[in-house]
Number of protein chains: 2
Amino acid sequence: MATARSAQNAAEKRRIILDAAVRVFARQGFHTCRVSDIADEAGVAYGLVYHYFRSKDEVLDTLFLERWNVMLDAIREVDGQDILARKKLEAIAGFIIDSYRHDPDLMKVIIVEVTRAANSFGQTHLAKITEAYNLIGAVVEKAQASGEFRTDISPQFAAMAFYGAIEQVLTGWIFDSLPQSAGGFDEAKRLIVETICSGLDR
Amino acid sequence: MATARSAQNAAEKRRIILDAAVRVFARQGFHTCRVSDIADEAGVAYGLVYHYFRSKDEVLDTLFLERWNVMLDAIREVDGQDILARKKLEAIAGFIIDSYRHDPDLMKVIIVEVTRAANSFGQTHLAKITEAYNLIGAVVEKAQASGEFRTDISPQFAAMAFYGAIEQVLTGWIFDSLPQSAGGFDEAKRLIVETICSGLDR
DNA sequence: ACGTCGGTTGACTGACCAGTCAATCGCCAG
DNA sequence: CTGGCGATTGACTGGTCAGTCAACCGACGT
């Protein structure tokens, strides 16, 4: 039975620490924050972080893998549908942008500290990251085979351009290089898919 | 007069340290390398680094600003020419890709440690980075006004998509997510401009 | 009452490293 | 020869933290 007073079992405490870590990493950055900052933010003792995680790195690893696997599943699911590649890319861009809309801090951490920090953490997770590029590349490749997309652009390049464009827009929002109000998220989806897909259409 | 023996004046020593820093940052990353690594790589004493630079940060700042200003000038120069926007974007993409071809280590450091590390150094140089986006955005905006590009895509988004696509391809090369042999650099230029510009053309 | 055991605490340690500084070198001018 | 001065050296210091660990808490079963 759960304790009546706190209503928190072990799994929930772990979650509380992870959620606190997202806020701290987003605010201060992984390298510049201290483990004690995470503990303070979560309202737990320093040592408890090490009860649930082997190291500071493992906290970030966990956050990244949790979310990234959800995204990979989403891409696979979209690719399995019997729709135009253009619609698939729309759905994928939509999923990523919605992820940001739903939890900007988490996406900021994943992009800034893992995806775009390929020297430190990206290196560890390079295979997982590349998997996403490959899945998107496969969507493009099939669309070329079916005649929907032009065939003179390498699917891998197209995937990179597509994903890079999305991530750059998110990064622009994250660091206020790109106004976030104008048009909003749905407008952004349209623009990215419009730009990239029109370039790929036959 | 220059010393006959070493043929190195103060400015050259400074350069030697900067070049060594590029190699060390590219190999180990800014955060994980020690200042002594830079000194060793340059073949000078630890303290000399602090004779020429106020701090470890200043070494990276210098490398970034040197190169970034060259790029901003190049973009301005291209934009001043009386050619189609498509040709301008081709020239800009070409310049960035050639920068990588000419000095992959330096571009790796700038992208990985500054441009894509907006939490740490990017924050300091955000204004400089944003300047590049704005210059590209201006190219697109003028092309829309002249009727060359469609007008239903915000110039700022287009600039982000364009720059993001290039940077992602470079990142792919840097970390071997994208094969570097196939087609080569000129092929890459064509593909990026083809993909983005065809999406922007009326 | 009492023992057990997972969860929880936070002071402490050991390692690391940016930046300092006093000493030394070697070129040149007088 | 000598004094000055910028360039160069590298041992040392001070502060920072990740990770450890021994002690403590409190729920629950017996």
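Chain naming here is simple, since letters A, B, ... match the order of the sequence lines and numbering starts at 1 in each. Given the structure is predicted, the values throughout are model-derived calculations rather than measurements.
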Nearest-Å distance for atom pair [atom1]/[atom2], residues [X] and [N]:
X       : N      : atom1 : atom2 : result
B:Gln28 : C:dC17 : CD    : P     : 10 Å
B:Asp37 : D:dG10 : CG    : C1'   : 16 Å
A:Leu48 : C:dG7  : CG    : P     : 9 Å
A:Ile38 : C:dG10 : CD1   : C1'   : 16 Å

Nucleic acid footprint by protein, nucleotides 11-26 of chain D - heavy-atom cut-off 4.0 Å, B for base, S for sugar-phosphate alone: B-----SBBB------

B:Lys13 vs D:dA7: side-chain N/O to OP1/OP2 distance below 4.0 Å: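 Negative; the distance criterion is not met.
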
Side-chain N or O of A:His51 closer than 4.0 Å to phosphate OP1/OP2 of C:dT8: no

Would you give me the side-chain donor-acceptor pairs under 3.5 Å for residues 103-110 of chain A, sequence neighbours excluded?
from: A:Asp103; atom 1: OD1; to: A:Leu106; atom 2: N; distance (Å): 3.2
from: A:Lys108; atom 1: NZ; to: A:Ala26; atom 2: O; distance (Å): 3.1

Spacing of CZ belonging to B:Arg23 relative to SG belonging to B:Cys33, to within rounding of 0.5 Å: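 Going from the CZ atom of B:Arg23 to the SG atom of B:Cys33 covers 13.0 Å.
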
A:Arg101: side chain to side chain donor-acceptor pair (under 3.5 Å) partners, not counting sequence neighbours: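 For A:Arg101 the side chain to side chain donor-acceptor pair (under 3.5 Å) partners, ignoring immediate neighbours, are A:Asp98.
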
Contacts of type side chain to side chain donor-acceptor pair (under 3.5 Å), residue A:Lys142, not counting sequence neighbours: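 So A:Lys142 forms a side chain to side chain donor-acceptor pair (under 3.5 Å) with A:Asp79.
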
Listed partners of B:His51 passing ring pair (Phe, Tyr, Trp, His ring centres under 6.0 Å), at least two apart: none

Side chain to side chain donor-acceptor pair (under 3.5 Å) contacts in which one or both residues fall within residues 154-165 of chain B, not counting sequence neighbours: B:Tyr163-B:Glu167

Sugar-phosphate, base or nothing in reach of A:Tyr52, heavy atoms under 4.0 Å: sugar-phosphate

